[in-house]
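Following: one structure in structure tokens, then a few remarks.
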Amino acid sequence: MSADITVSIAGDERSVPAGTTAADLFGDDRVVVVARVDGQLRDLAGPLPDGAVVEPVTIDSEDGLNVLRHSTAHVLAQAVQQVNPEAKLGIGPPIRDGFYYDFDVDRPFDPDQLKALEKVMQRIINEGQTFQRREVEDDEARQELADEPYKLELIGLKGGSAEDSAEGASVEVGGSQLTIYDNVRRDGDRAWGDLCRGPHLPSTKLIGNAFKLIRSGGAYWRGSEKNPQLQRIYGTAWPSKAELKAYVERLAEAERRDHRKLGAELDLYSFPDELGSGLPVFHPKGGVIKREMEDYVRRRHIEEGFDYVGTPHISKDGLFHTSGHLPYYADTMFPGMELEGAQYRLKAMNCPMHNLIFSSRGRSYRELPLRFFEFGSVYRYEKSGVVHGLTRVRGMTQDDSHSYVTAEQAPDEIKHLLGFVLSLLRDFGLDDFYLELSTRETEGEKAAKFIGSNEQWEEATRILEQAALDTGLELVADPGGAAFYGPKISVQAKDAIGRTWQLSTIQYDFNQPARFGLEYQAADGTRKQPVMIHSAKFGSIERFIGVLVEHYAGAFPPWLSPVQVLGVPVADEFADYLQDVLGQLRAKGIRVELDASDDRFPKKIRNASKSKVPFVLIAGDEDRSAGAVSFRYRDGSQKNGVPVAEAITEIVEAVESRQQV
RNA sequence: GCCGACGUGGCGCAAUUGGUAGCGCACCUGUCUUGUAAACAGGUGGUUAGGGGUUCGAGUCCCCUCGUCGGCUCCA
């Protein structure tokens, strides 16, 4: 054991005694939680091989956070089995901002149990138990985990294709060597153990008190509804209490912005039970936002060479057989209704009807690209458990377009569409994007749902990918996420508090033109099939309104605000004067309101503030005698004694330039 | 669709072991009204989501339906 080995630390070659561990190298530094040894994450306690390249991994790095959260998940599982030895273990991987662990238990967890489990976890953490790695043979593991049916199943999967294992399963058994992690008390007692690939924190102590159990819910074993349902507990863990607090505050902020709550408070829309689940109605104020959006988006489409068209909400079902939507997607369409011997269906997508407009007469290559656009109302029978506010509804308005182009024109058309949708999103105040390229599933049972030849898919995917790369935006692959008729690019936008939303989609479709027999006459007199490019800019108007409500927390930029200017007289006497100013604004197309209620001034200010109107104009004696008004902005700041003409200019300019104030 | 929780006037909430449904805001009426987040007083409004059952008696207990919330699955 006296022989030295050489290890390389941050580029520095060092000679150390054989058996040296990463803990020996970095142990003094408490923020180092694991080591990257020759590119692999390892426990600090493992002896280093000769010639190893070793890097410290700190708890606040991405890898470090994952280890922290994975170890916290283990402590949760330990606590659950301590309280209920009958609980069977599923998997417990780290996820974004936290972790979960799945359990098979007789009774689902309730919030009180989560609180109690936190306490049990805290005791384990305070004990400073160490995670000790132990390599085991498959048979050994099977014996040791005889009471853990799910773990046994994972052992059986080991080495299987990644597709077969559930998300997170690799955290438990990845690689060929099985390992069990024992949680060992300071006196050497083994408190608990779990099949796990690791690595783990050196000690539970490092979790400190910066963790929290968030919620619980059902989750299918290995992500398939054919499997039994386990009970999942979600939690979060951070390097410090302060970071945990900041995270909890972020969750609270998201709750404050919830578009369902703000929609009711601001009187924008509602979801009457009488209509049915997932069917929103827009109140006058929400109607203003919807109309402003639609007006602007319609105008921009026309400027960009689209033709505005219109189609009905319902049609005979043969159309959807032609398009290929039926029978594949029958379960997400509302059931048919029989009329005069024909089955009618509510429209779930606009493209088939646009195809009929295309084929309503002979088309020439001179007409292409031909771009049809509309706000198409579609109805989808979303499963009862997924309907959610405005973001997942059963009746919605798509800002949908279909470009019919020659195969040669397709790349340019896609670039044009991408540039267009990005510019539209920027106009609405979203400017942090990345793109996702959704392609078909090539293996497994899902592969069958995609129609078309390999060549067609490859060609379409290549064209989309190139257009996406040309934007210079980050591009993320999404295998298996394509529509059945072709690959798609989607635009993911980050909102004001960092959440991403899938908004625009652009899809390349070689299937429907063939199915509908679409053709145009080319310059050489032959008949050719156009390529069809689907594009939704906001996805659905309803959903986008929901996203904007959360993005702006209800404080819309003036051009979208239902009420743009609210007049608040200091006393009744000044109402007429203010009304006159508002009249001048109204003449310029500004949406104004006067608070002529018999509330007193401070109450009117409070109401104005709660309504989130961008410009509150106040007038009292001083303003009136100076021919001026005073501004109160949403942040509470003021600007007093502004000459009326100046005030009008400021407001009109803010609205016209679509800026936020 | 699956697992769980929940459903009380427009909104937010109360209602001891089953024993005559309350409060705040909003709304209406009146008095009041001068400078930046709540003047005062009075009043209207609920067959406790809907239906069925247990009970002398149900907002409270049981069943069904609808809806909401949190997960899972799904999302052309």
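Below, read A as the first sequence line, B as the second, and so on, with proteins coming before strands; counting in each chain starts at 1.
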Checklist entry - Which sits closer to the 5' end of RNA chain B, Met349(A) or Ala619(A), going by the nucleotide each is nearest to? => result Ala619(A)
Next on the checklist: Mind checking if Asp110(A) touches a base, just sugar-phosphate, or nothing, with heavy atoms under 4.0 Å?
Outcome noted: nothing
Item to check | Phe631(A) ring center near Tyr633(A) ring center (under 6.0 Å) | outcome: yes
Next on the checklist: So Gln231(A), base contact, sugar-phosphate only, or nothing? Heavy-atom distance under 4.0 Å.
Outcome noted: sugar-phosphate
Next on the checklist: Please classify the nucleic acid contact of Tyr381(A) as base, sugar-phosphate, or nothing, using heavy-atom distances under 4.0 Å.
Outcome noted: sugar-phosphate
Checklist entry - Hey, is the side chain of Arg392(A) pairing donor to acceptor with the base of rC74(B) inside 3.5 Å? => result yes
Checklist entry - Under 4.0 Å between a Lys/Arg side-chain N and an Asp/Glu carboxylate O for Arg256(A) and Glu249(A)? => result yes
Next on the checklist: Would you measure the distance from the P atom in rC6(B) across to the matching atom in rC62(B) and give it in whole Å?
Outcome noted: 11 Å
Item to check | Residue whose nearest RNA chain B nucleotide is more 5′ - Val386(A) or Phe484(A) | outcome: Val386(A)
Checklist entry - Base, sugar-phosphate, or nothing: which does Asp623(A) touch, judged by heavy atoms less than 4.0 Å apart? => result base
Checklist entry - Under 4.0 Å between a side-chain N/O of Ser609(A) and OP1 or OP2 of rU36(B), yes or no? => result no
Item to check | Side-chain donor/acceptor contact of Asp621(A) with base of rG35(B) under 3.5 Å | outcome: no
Checklist entry - Using 4.0 Å as the upper bound for N to carboxylate O, is an ion pair formed by Arg371(A) and Glu413(A)? => result yes
Checklist entry - Nearest to the side chain of Ser630(A) - rG35(B), rA76(B), rA39(B)? => result rG35(B)
Checklist entry - salt bridge (charged side-chain N to carboxylate O under 4.0 Å, His left out) between Arg250(A) and Glu253(A): does it pass, once the steps are laid out? => result CA-CA 5 Å; Arg250(A) 282 210 297 285; Glu253(A) 176 61 22; over 6 Å; no
Next on the checklist: For a quick check of understanding: with a heavy-atom distance under 4.0 Å over all strands, which category does Thr332(A) fall into, base, sugar-phosphate or nothing?
Outcome noted: base
Checklist entry - For RNA chain B, what string of dots and brackets results from 5' to 3' when Watson-Crick and G-U pairs need both distances under 3.5 Å, crossing pairs get [ ], and pairs with another strand get |? => result (((((((..((((.....[..)))).(((((.......))))).....(((((..]....))))))))))))....
Item to check | Check: rG70(B) base within 3.5 Å donor-acceptor of Tyr234(A) side chain | outcome: no
Next on the checklist: For Tyr329(A) together with Phe484(A), are the ring centres under 6.0 Å from each other?
Outcome noted: yes
Next on the checklist: So Glu622(A), base contact, sugar-phosphate only, or nothing? Heavy-atom distance under 4.0 Å.
Outcome noted: base
Checklist entry - On a plain distance test, is the side chain of Gln229(A) in donor-acceptor contact with the base of rC2(B) below 3.5 Å? => result yes
Checklist outcome for this item: Looking only at rG1(B), rU36(B), rG67(B), the nucleotide nearest the Asp273(A) side chain is rG67(B)
Next on the checklist: Under 4.0 Å, heavy atoms only, any strand: does Phe574(A) hit a base, just the sugar-phosphate, or nothing?
Outcome noted: base
Next on the checklist: Side-chain N or O of His388(A) versus OP1/OP2 of rU68(B): is the shortest distance under 4.0 Å?
Outcome noted: no
Checklist entry - Is Asn607(A) touching bases, backbone alone, or none of the nucleic acid, heavy atoms closer than 4.0 Å? => result nothing
Next on the checklist: Under 3.5 Å, is there any donor-acceptor pair linking the side chain of Arg232(A) to the base of rC72(B)?
Outcome noted: no
Next on the checklist: Using ring centroids (six-membered ring only for Trp), state whether Tyr485(A) and His534(A) fall under 6.0 Å.
Outcome noted: yes
Checklist entry - Considering only rC72(B), rA26(B), rC32(B), which nucleotide approaches the side chain of Lys603(A) most closely? => result rA26(B)
Checklist entry - Arg260(A) near the nucleic acid: base, sugar-phosphate alone, or nothing, with a heavy-atom cut-off under 4.0 Å? => result sugar-phosphate
Item to check | Donor-acceptor pair (no angle test) under 3.5 Å: Lys604(A) side chain, rU36(B) base | outcome: no
